[in-house]
Protein chains: 2
Amino acid sequence: MSGYPPSEAARRSGFSLDTLRYYEKIGLLSGIGRTSAGRRVFTDEDLSWLVLFRCLRDTGMPIAEMRRYAELSRAGDHTTGERRELLVRHAERVEEQTRLLQRQYDHLREKINFYDRLG
Amino acid sequence: MSGYPPSEAARRSGFSLDTLRYYEKIGLLSGIGRTSAGRRVFTDEDLSWLVLFRCLRDTGMPIAEMRRYAELSRAGDHTTGERRELLVRHAERVEEQTRLLQRQYDHLREKINFYDRLG
DNA sequence: GCTTGACCTGGAGCGCACTCCAGGTTGGAG
DNA sequence: CTCCAACCTGGAGTGCGCTCCAGGTCAAGC
């Protein structure tokens, strides 16, 4: 299994180095490997976690909830039901958020149309 | 032209009383009327500003930019072009944001599907 | 006339998610 | 061997957008 330096993990995930360190500090990332000199080594699995976190953050999930999800995963296979539930509830919120965004976007376009008609 | 107390403005706009006061304090709202005793009186025009602010906030516009828009409006009719530009640029950002949200929502659904297939 | 609740002010505090900093170590290029 | 860029740590600081608070005023109902 190949390993990547922090810079590469940052580049691939879109998180800053500081954010990666922060995520480890608060226990969102855990078990990140180290070289003998103490430098982080990210595995492909770590990167796929980061991809998931990117998805959840971009859709507005609070960090506390992402951490909850990560903890459930660490707890083992018996938590898959709860993990699924968490994601489903989040997806519902995202749907609601999308509807609101669309509705307000339409208002915005109307407002722009108003200016267009002015000249 | 009818006037409404703060509680009514809050109810109709979805902003809290504190937020309404805050918006006036930072100059986003201006020229809000007062009774002789110093209580705010919101007009229909004030309410339509609040509806616009609601739209812009829900679509992620920073307050500083909303204030810029409000200032342009106060400056007079010669700023309609700039106001339109501001809204158009914002609409473009909203479109981008919507695409990202949709993309990540799809990822989320895939992840949920994965759990569904587990059991 | 008294109470209650909606309102007022200025200013402090909060929650979130980073972001930055000082001061130090390390590993590879030249 | 030297230098530089990338990395490390703990902890402080930032930006945003509110939110809360103390202490006070005022109007309406009982």
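Since the model is a prediction, treat every value here as computed from it, not as a measurement. Just so we're on the same page: letters track the sequence lines, and every chain starts at 1.
Taking only side-chain nitrogens and oxygens, Tyr23(B) comes nearer than 4.0 Å to OP1 or OP2 of dC18(D). Contact annotation: Arg21(B) reaches the phosphate of dC8(C) (side-chain N/O to OP1 or OP2, under 4.0 Å). Here Ser7(A) reaches the OP1 or OP2 of dC7(D): one of its side-chain N or O atoms lies under 4.0 Å away. The phosphate of dA6(C) (OP1 or OP2) has no side-chain N or O of Arg40(B) nearer than 4.0 angstrom. Between Arg34(B) and dT9(C), a side-chain N or O to OP1/OP2 separation shorter than 4.0 Å is present. Arg57(B) has a side-chain polar atom (N or O) that falls below the 4.0 Å cut-off from OP1 or OP2 of dG17(D). Applying the 4.0 Å criterion to OP1 and OP2 of dC18(C), one finds that Ser16(A) has every side-chain N and O outside that range.
Under the 4.0 Å criterion applied to side-chain N and carboxylate O atoms, Arg40(B) and Glu8(B) are not assigned as salt-bridge partners. Contact check on Arg109(A) versus Glu95(B) returns a salt bridge, with a Lys/Arg side-chain nitrogen under 4.0 Å from an Asp/Glu carboxylate oxygen. The pair Arg89(B)-Glu92(B) does not count as a salt bridge, with every side-chain nitrogen at least 4.0 angstrom from each carboxylate oxygen.
Both Glu24(A) and Met61(B) sit near DNA chain D, but only Glu24(A) has its closest nucleotide nearer the 5' end.
Taking atom CZ of Arg39(A) as the reference point, atom P of dA5(D) lies 14 Å away to the nearest angstrom. A straight line from CG of Leu28(B) to C1' of dC18(D) spans 13 Å, rounded to a whole angstrom. The interatomic distance linking Met66(B) (CE) with dC18(D) (P) rounds to 7 Å, in whole Å.
For dC20(C), its base sits under 3.5 Å from the side chain of Asp18(A) at one donor and acceptor pair at least.
With a 6.0 Å cutoff to the six-membered ring centre and a 45° limit on the axis angle, Arg54(A) counts as a cation-pi contact of Phe15(A).
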